[in-house]
2 protein chains.
Amino acid sequence: MAVCVNCRHHGLCVHRVAIFSPLSAEESHRVAELIVHKEYHKGDFIMTEGEQLSRLVIVQEGQVKAFRSTADGREQILYIFSSGDFFGEKNLLRNQPASYSVQALVDTCLCMISRSDFQQLLRAHPEIGMKIMEELCRRLERLETAVESLGARDGDARVSSVLLEFAERYGEEHPRGVLVRLPLSRQGIADYVGLTRETVSRKLSSLQAEGVVELIGNKKLLIIDKTALEMGSSQD
Amino acid sequence: MAVCVNCRHHGLCVHRVAIFSPLSAEESHRVAELIVHKEYHKGDFIMTEGEQLSRLVIVQEGQVKAFRSTADGREQILYIFSSGDFFGEKNLLRNQPASYSVQALVDTCLCMISRSDFQQLLRAHPEIGMKIMEELCRRLERLETAVESLGARDGDARVSSVLLEFAERYGEEHPRGVLVRLPLSRQGIADYVGLTRETVSRKLSSLQAEGVVELIGNKKLLIIDKTALEMGSSQD
DNA sequence: AAAAAACTGTGATCCGTGTCATAGTTTGAA
DNA sequence: TTCAAACTATGACACGGATCACAGTTTTTT
């Protein structure tokens, strides 16, 4: 596996995480001592809905999905967390159970800090609280947008907007457009935008037929006409 | 109108708001000085998507809806804020524009505190930051549930769950069940759960036909069989 | 109190997406 | 390299909710 070797040997992860940016070099060294590392394989569960974790978890390397299992047997993906993101915030302030499950999408290395250590840290450095608030607000905005998009039950718009979101987060320059490494399978995309696997397939196919995107295998995709997606995701 | 008379004469609103609960009597007196009150009529806009308000707004008396206007002309309601709730948090930490519009559902009195005053307060009383974090987490959880519910596009479940939510927040005891004063019109409910006015009407009618609820005019509703709603909102 | 405006309920029809079925493709293991 | 398991694409069909239309009701205005 050999993920996060750096991280284990030096306390590097502290530097990679925005919420710890208010710390001085010396302080972050001390914080690094408090952190426990753990590696997970693709598919491993990191936490389960309802569980009481009482740790803040930071993604050091890799990618995980956070989701809820719905009553009708579906799986609603809420977040995709990558390097630098954190989760488990719910269990820190109050003693609340996790409101979603988290599962590794690829081999992943996580940093964990205990509830008590973190609370002490928060008292000593209120600016960390600010950082967390900022991130919570960002996350709220993401979910607000998700609600907006799911409320307007237009399938095309949902697929377009998820592609734009992935392009923003995981896209890289390419002579003919933006190359996106998809973090999710077709089923995963469906679980993210509230459609079925089949519908996502069809929408992607027709986008390709229209020359808007180009499917490269199942895990990559080239966005050729970004404007068309932007139009499709909003007005038509 | 005559809303919030108390509030204007004494600084009472400070006491009614959870986020200021860490303040001592004397401190809250001082904070009350910083607060500006303002009254709005039903239908008035308090803030508009994209606007830079740079104030934290607290609902003293009344009720407002927070929503986004979607590209396809719909209106997606994100939150309903009542007495004690706050909004405008986005503009406080960073200088971000509001991610939603806010409009008064009834005549409403609001308390506002400026960005700089609030930040000073936050520095002096880190516990206020904690309270805000808690509330942001609560709000996140609400939205996560909304996403889950909108993702599973079953109309019956959406209506059932919104009724349960309203019962929780606005319901009162009644010999035959729970009496709910609906904060939204049929169209409003539709905008909240991502359906059309007509579908909401139909679902409510059939719930009434099944003896689960009883419609009392357009603004009230009696939940007779809460269990049926709970079953309908999850598994079937 | 009367009139206007806004809101609600319900039928008829249409369309999009879910569901089911099946074949093709990719991925990973032996 | 071969084989199996998992994933993907696509057609056929059904069904639920959107849309359109209109009548009835409630609320607001003057």
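The figures that follow rest on heavy atoms only: side chains count, while hydrogens, waters and symmetry mates do not. Owing to the predicted nature of the structure, the values given are computational and were not obtained by experimental measurement. Residue numbering restarts at 1 for every chain, and letters A, B, ... go by the order of the sequence lines.
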>> For DNA chain C, which residues of residues 197-210 of chain A approach it to below 4.0 angstrom with any heavy atom?
In response: A:Glu198, A:Thr199, A:Arg202, A:Lys203

> Which residue pairs satisfy the salt bridge (charged side-chain N to carboxylate O under 4.0 Å, His left out) criterion with at least one member in residues 196-208 of chain B, sequence neighbours excluded?
Replying inline: B:Asp156-B:Lys203

> In whole Å, what is the span from the CG atom of B:Leu184 to the P atom of C:dT8?
Replying inline: 10 Å

> What bend angle does the helix from C:dA1-D:dT30 to C:dA30-D:dT1 show across its length, from five-pair end axes and to the nearest 10 degrees?
Replying inline: 60°

>> Measuring only between side-chain heavy atoms, which start at C-beta, is B:Leu53 closer than 4.5 Å to B:Lys90?
In response: no

> Hey, are the side chains of A:Phe166 and A:Leu221 touching, using non-hydrogen atoms and a 4.5 Å cut-off?
Replying inline: no

Show me, pair by pair, the donor-acceptor contacts under 3.5 angstrom made by side chains of residues 81-88 of chain A, not counting sequence neighbours?
unit_1	atom_1	unit_2	atom_2	d
A:Ser82	OG	A:Gln63	NE2	3.1
A:Ser83	OG	A:Arg16	NH2	2.7
A:Ser83	OG	A:Gln60	O	2.9
A:Asp85	OD2	A:Ser82	N	2.7

> C:dG24 P sits how many Å from A:Arg186 CZ, rounded?
Replying inline: 19 Å

>> Please report the distance, rounded to the nearest Å, between CG in A:Asn218 and P in C:dG28.
In response: 11 Å

Could you tabulate the donor-acceptor pairs under 3.5 Å formed by side-chain atoms of residues 172-190 of chain A, not counting sequence neighbours?
unit_1	atom_1	unit_2	atom_2	d
A:His174	ND1	A:Arg176	N	3.0
A:Arg176	NH2	A:Glu214	OE1	2.6
A:Ser185	OG	A:Gln187	N	3.4
A:Ser185	OG	A:Gly188	N	3.1
A:Arg186	NH1	A:Asn218	O	3.3
A:Gln187	NE2	A:Asp191	OD1	3.2

>> I want to confirm an ordering. Mapping A:Gly194 and A:Gly217 to their closest nucleotides on DNA chain C, which one lands closer to the 5' end?
In response: A:Gly194

>> Nearest heavy atom decides the nucleotide; on that basis, is B:Lys42 or B:Asp156 closer to the 5' end of DNA chain D?
In response: B:Asp156

> When you list every nucleotide of DNA chain D with an atom under 4.0 Å from a heavy atom of chain B, which one comes first 5' to 3', and which comes last?
Replying inline: D:dG17 to D:dT28

